[in-house]
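When a ligand or atom number is given, it counts from 1 through the structure's own listing order.
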Amino acid sequence: MNSEKQIDESRQGEVLVLENVQLGDDKKKVYIETYGCQMNFNDSEIVASILADEQYATTDSEKDADIVLINTCSIRDKAEQTVRNRLNQLKNIKKKKKDVKVGVIGCMAERLKTKLFEEEKLVDIVVGPDAYRSLPELINEANTGQKAVNVFLSKEETYGEIKPQRLNSNGVTAFISIMRGCDNMCSFCVVPFTRGRERSRNPYSIVAEAKDVFDRGYKEVTLLGQNVDSFKWVNPETKEKVNFANLMEMVAKISPNLRVRFSTSHPKDITNEVLYTIAKYDNICNYIHLPVQSGNSRVLKRMNRTYDRAWYKERVEAIWRIIPDCAISTDVIAGFCGEEEHEHQETLSMMDFVKYDLAYMFKYSERPGTLAERKYKDDIPEDIKNRRLQEIITKQQAHSLERNEAHLDKVFNVLVEGTSKRSEEHIFGRTDQNKVVIFPRKKFQKGDYVQVKVNRCTSATLFGEAVEN
Ligand code: SAH
Ligand code: SF4
Ligand code: F3S
């Protein structure tokens, strides 16, 4: 288990390199590299689509490119550092090909704005997450030798009608952004500053996109938002209201063969209506990512999470009651400002209570401009942060193993996503509860639903054999 986002079989690492699409010789070539969350990956697909409309083709080699775009993440200092190192490497391509333009897009672009031009001399273009429609114009501007920037944050932009160009896709699972921005202002978090105000996309455009990918052979969609439970849309004419439970139902009804996933749920907003909707539809996956951040109420208050320990536990109990076999995963931050030892212990005891199937675990990283940076001191020494994080990781490893062991000798419906990294003779897929299962390929292919009996596991992976349907 890793302290950063776990690398799974289908998304290897945090870097996505766009595949070649049909190239005409006359077309300019764009190379896009993506860091950060799934929403950022989906944004790169939107960017590729916007540029394709303007006769730009994507390339999987930075060496061929006329334009290099780095879609960036600001969530922790380390994420930004990774991008800076990458920009350093890119200096070489400018030496070889003088005319190539380098753009920084995404959250770091939004956070640093024109400062990026001063700090990173090779950058020609800076574009924030709400300004991707202006990219073709900005590229033209950069081609005349100027520095080009647009970091305007919108209250309306959802790129609703843009059909993302599916990139590096396995052809089975697709991500669909259902909203943008975040209004929550958790004190540690930079996202409200880099992504702007929360806004929900027209649900009918979401259903149309999901239907389109299903018609093209995809079998699973993941509905994405920073806080999907606060999805809210009102038809300006008819006043029809659609909330997240309604939206999930609309997508689930496309076909029983289309699996529906979603991320991220917020403990303060996840309603019983959402839980009953998950329980009602077999094709809505029994898996909820419910970030806890801390198990201590005083720390949660300082984090501005707007729920406390008792509230979180009640929501978990509601999940168990309404969806008994639901898997739950979480995010945890170790060493937030002023976190006392007994408060850290409460995070560990919360983990014992829930026994998460999976967790993404982080050391607190102070982000400039956030509420926590302005209000609190980042005062937990590095060695204590490290020790607390390690205790969290060790505990999670034991829980992941225990949760996986409970799957032994049982049969699960697995959607096959591709060939296993370990061997050509094996394929892998996921259960409804988002567990990766590896099993012998035999006659099966990507996109098949296969009944698999689990016979072995580690804390990260299940292994099994297909059984007769
Ligand atoms: N919208 C999601 C989280 C998005 S960011 C939610 O509300 O749960 C993903 C995770 O990164 C967060 O859940 C948090 O655990 C972690 N994170 C965010 N800011 C951080 C910071 N400053 N330091 C360390 N971890 C952070
Ligand atoms: Fe950040 Fe909180 Fe919004 Fe999640 S809900 S993106 S942690 S401000
Ligand atoms: Fe990173 Fe921005 Fe996503 S900060 S986690 S890429 S919303």
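Classification of R201 and E209 as a salt-bridged pair holds, one side-chain N sitting under 4.0 Å from a carboxylate O. Salt bridge E341/R387: present, at least one basic N to carboxylate O contact under 4.0 Å. Salt-bridge annotation for R133 and E157: present, with a side-chain N of the basic residue lying under 4.0 Å from a carboxylate O of the acidic one. A salt bridge between R180 and D43 is present, with a side-chain N of the basic residue lying under 4.0 Å from a carboxylate O of the acidic one. Ionic pairing of R84 and E119 is present here: one or more N-O contacts between side-chain nitrogen and carboxylate oxygen are shorter than 4.0 angstrom.
A perpendicular orientation is assigned to the rings of Y360 and H289, their planes being inclined by more than 60° (bins at 30° and 60°). Ring planes of F336 and Y364: perpendicular class, angle over 60° (limits at 30 and 60°).
Which parts of ligand 1 touch R76 is read off a 4.0 Å heavy-atom cut-off, strictly below it: atoms 11 (O), 16 (C), 17 (N), 23 (N), 24 (C), 25 (N), 26 (C). Residue C37 has at least one heavy-atom neighbour below 4.0 Å for each of these atoms of ligand 3: 3 (Fe), 5 (S), 6 (S), 7 (S). Counting the atoms of ligand 3 from 1 in the order shown, those under 4.0 Å from a heavy atom of Q226 are 7 (S). Near C107, meaning under 4.0 Å from any of its heavy atoms, are these atoms of ligand 3: 2 (Fe), 4 (S), 6 (S), 7 (S). Residue K363 has at least one heavy-atom neighbour below 4.0 Å for each of these atoms of ligand 1: 23 (N), 24 (C). Within ligand 1, counting atoms from 1 as listed, the ones closer than 4.0 Å to a heavy atom of P291 are 8 (O).
Look at G106 and you'll find every heavy atom at least 4.0 Å from all atoms of ligand 3. Contact annotation: N227 has no heavy atom less than 4.0 Å from any atom of ligand 1. Ligand 1 lies out of reach of E373, whose nearest heavy atom is not under 4.0 Å from it.
By the criterion of a heavy-atom distance under 4.0 Å, the side chain of R195, and not its backbone, is placed next to ligand 3. Within the 4.0 Å heavy-atom criterion, both parts of Q226, backbone and side chain, lie near ligand 1. The proximity of F188 to ligand 1, defined as any non-hydrogen pair under 4.0 Å, involves the side chain as well as the backbone. Counting heavy atoms closer than 4.0 Å to ligand 1, residue M303 contributes nothing at all.
Polar contact with ligand 1: absent for E366 (N/O pair, distance under 3.5 Å). Considering backbone and side-chain atoms alike, R367 places every N or O at 3.5 Å or more from each N or O of ligand 1. Some N or O of D331 is nearer than 3.5 Å to an N or O of ligand 1, by distance alone.
Of the candidates K435, Q396, Q433, K435 is the only one forming a side chain to side chain donor-acceptor pair (under 3.5 Å) with D357.
Heavy-atom contacts from other residues, nucleotides or ligands closer than 6.0 Å to NZ of K211 number 12 or fewer. Within a 6.0 Å radius of NZ in K63, other residues, nucleotides and ligands contribute 12 heavy atoms or fewer. In the displayed structure, K301 atom NZ is contacted under 6.0 Å by at most 12 heavy atoms of other residues, nucleotides or ligands. Sparse packing is recorded around CZ of R197, with 12 or fewer heavy atoms of other residues, nucleotides or ligands lying under 6.0 Å away.
Here the OH atom belonging to Y287 is positioned 2.5 Å from the OG atom belonging to S329, to the nearest 0.5 angstrom. Here the CD1 atom belonging to I105 is positioned 9.5 Å from the CD1 atom belonging to I125, to the nearest 0.5 angstrom.
Every residue two or more places apart in sequence or in another chain that forms a ring pair (Phe, Tyr, Trp, His ring centres under 6.0 Å) with F262 is listed here: F244.
Because the distance cut-off is set at 2.8 Å, C73 qualifies as a neighbour of atom 1 (Fe) of ligand 3 through one of its N, O or S atoms.
Within 4.0 Å of ligand 2, counting heavy atoms only, the contacting residues are C182, N184, M185, C186, F188, C189, V191, P192, Q226, H266, R305.
Among all non-hydrogen protein atoms, the one lying nearest atom 4 (S) of ligand 3 is S74 N, 3.3 Å.
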